[in-house]
Amino acid sequence: MSDRFVWFEGIPFPTMGYKPELMREARDSFVFKDEDVLILTFPKSGTNWLIEIVCLIYSKGDPKWIQSVPIWERSPWVEAEHGYNSLKDKEGPRLISSHLPIQLIPKSLFNSKAKVLYLIRNPRDSLVSGYFFYSNSNFTKKPESLEQYFEWFIQGNVLYGSWFDHTCGWMSMRGKENFLILSYEELKRDTRSTVEKICQFLGKKLEPEELNSLLKNSSFHAMKENKMSNFTLLHDYSLVEKNASLMRKGITGDWKNHFTVAQAEAFDKIFQEKMADLPRELFPWE
Ligand SMILES: Nc1ncnc2c1ncn2[C@@H]1O[C@H](COP(=O)(O)O)[C@@H](OP(=O)(O)O)[C@H]1O
Ligand SMILES: CCc1ccc(OS(=O)(=O)O)cc1
């Protein structure tokens, strides 16, 4: 299974735990509630960091929940079989995660007041992060070199398709009051202020010591040590190999250590062409 994808509506998905018929059912029938919170990203953008932060906002900085329940149970993936089945009958406000492009998200999102946290990251860093992670995973096509993965990425031949299409699609939601755009870069630069912004958007208030606890327990170091969050539990299901680390480096700009000059120039050109219709300010790393 390691050399291919599951396909749905022209988009590549992992080969384990994802079924086209369930993704169709989710798109057509899953009901978002006004009180839900959706964490939305392209893969390898810092999704799990944001999930950890939101969980700690809901637990008021108390780490008990994040240290006792796997991260994918706390904020299940609406497009994955296990996540969809656990979410669809769940009572009360839900934390929901998704990497889906806008055309595949459950349609009910657009008639609900569910709050959407949309996290973006410099695609060059998502590319490098994905290359290292998927090279050691068993649920998707394994790249043989960064050069090969670079080509797949710019062609959109990677999990969840083209970063450019994904981002252009979701950016059409900017300006809506239930849609907050965040970046990995601002989260890194000023985690405290960005968490305060998220709290305000979610209508949550943390006391100073609760915020301090949140920052401590969602740090790169703390998440790397937390087996409920660092994906080491996936070793038991043979989904990832021992050296596939979710918590790899946790920095901005690592692409500069991996791209050749020619790749950097080619990426710049493609970025300019494909993102020309969107304001530059949306992309704080450019
Ligand atoms: N607490 C944290 N602080 C900074 N980066 C984090 C983080 N938790 C996860 N990340 C980074 O987010 C990326 C994984 O993203 P996702 O959760 O979307 O799969 C990895 O990037 P790197 O591979 O560049 O280190 C990982 O290190
Ligand atoms: C099959 C489980 C799984 C684990 C990690 C994934 O990574 S990503 O978020 O899509 O990069 C996907 C599926």
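In each ligand, atom 1 is the first atom listed, and ligand 1 is the first ligand listed.
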Taking distance alone, with no angle check, do S45 and ligand 1 share an N/O pair under 3.5 Å?
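Yes - when backbone and side-chain N and O of S45 are compared with those of ligand 1, one distance drops under 3.5 Å.
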
Any nitrogen or oxygen of G46, main chain or side chain, under 3.5 Å from a nitrogen or oxygen of ligand 1?
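The answer is yes, given that G46 and ligand 1 share an N or O pair closer than 3.5 Å.
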
For ligand 1, the portion of R121 having any non-hydrogen atom under 4.0 Å away:
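Within the 4.0 Å criterion, R121 contacts ligand 1 through side-chain atoms alone.
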
Side chain, backbone, both or neither: the part of S219 lying under 4.0 Å from ligand 1 by heavy atom
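The answer is the backbone of S219.
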
Taking 4.0 angstrom as the limit and counting only heavy atoms of [X], give me the atoms of ligand 1 inside it, by number and element.
X	result
M223	1 (N), 8 (N)
L246	14 (C), 17 (O), 19 (O), 20 (C), 26 (C), 27 (O)
N48	16 (P), 17 (O), 19 (O)

Side chain [X], main chain [Y], donor-acceptor under 3.5 Å:
X	Y	answer
R74	V69	yes
S162	G156	no
D89	N85	no
S45	T41	no

Compare K188, M247, K224 and give the one whose heavy atom is closest to atom 10 (N) of ligand 1.
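The nearest heavy atom belongs to M247.
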
Which of the listed options, F132, Y184, F42, holds the heavy atom that is closest to atom 4 (C) of ligand 1?
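Result: the heavy atom closest to atom 4 (C) of ligand 1 is in Y184.
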
Aromatic ring pairing W163/F283, orientation class (parallel under 30°, perpendicular over 60°, tilted between):
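Judged by the thresholds at 30° and 60°, the geometry between W163 and F283 is tilted.
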
Give the atoms of ligand 2, by number and element, whose distance to some non-hydrogen atom of [X] is under 4.0 Å.
X	value
F231	5 (C)
M16	1 (C)
P43	11 (O)
K44	11 (O)

Ionic contact status for E9 with R27, cut-off 4.0 Å
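Yes, R27 and E9 are salt-bridged.
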
Looking at D62 and K60, is there a salt bridge between them, counting it only when a charged N and a carboxylate O are closer than 4.0 Å?
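The answer is no: the pair does not qualify as a salt bridge.
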
Establish, yes or no, whether the cationic atom of K44 lies under 6.0 Å from the six-membered ring centre of F133 and within 45° of the ring axis.
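Yes, K44 sits over the ring of F133.
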
Tell me whether the guanidinium CZ or amine NZ of K204 lies under 6.0 angstrom from the six-membered ring centre of Y58 and within 45° of its axis.
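Yes - K204 lies over the ring of Y58, closer than 6.0 Å to its centre and within 45° of its axis.
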
For [atom], what is the closest protein heavy atom, and at what distance to 0.1 Å?
atom	answer
atom 6 (C) of ligand 2	F139 CZ, 3.5 Å
atom 1 (N) of ligand 1	S218 O, 3.0 Å
atom 22 (P) of ligand 1	S129 OG, 3.5 Å
atom 18 (O) of ligand 1	T47 OG1, 2.5 Å
atom 19 (O) of ligand 1	K44 NZ, 3.0 Å
atom 9 (O) of ligand 2	H99 NE2, 2.8 Å
atom 2 (C) of ligand 2	L239 CD1, 4.1 Å

Can you name the one residue among F132, Y149, F150, F267 that meets ring pair (Phe, Tyr, Trp, His ring centres under 6.0 Å) with H258?
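Checked F132, Y149, F150, F267 against H258; only one passes ring pair (Phe, Tyr, Trp, His ring centres under 6.0 Å): F132.
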
W72: heavy atom below 4.0 Å from ligand 2, yes or no?
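The answer is no, since W72 has no heavy atom less than 4.0 Å from ligand 2.
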
contact_flag Y134 ligand 2 heavy-atom lt 4.0 Å:
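Under 4.0 Å: yes for Y134.
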
Step by step, work out the salt bridge (charged side-chain N to carboxylate O under 4.0 Å, His left out) result for R124 and D268.
CA-CA 10 Å; R124 301 163 183 87; D268 284 353; 2.9 Å; yes

Aromatic ring proximity W77/H99, centre distance under 6.0 Å
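Ring-ring flag for W77/H99: true, centres closer than 6.0 Å.
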
Is K249 atom NZ crowded by more than 12 heavy atoms from other residues, nucleotides or ligands, each under 6.0 Å away?
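Above 12, so yes.
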
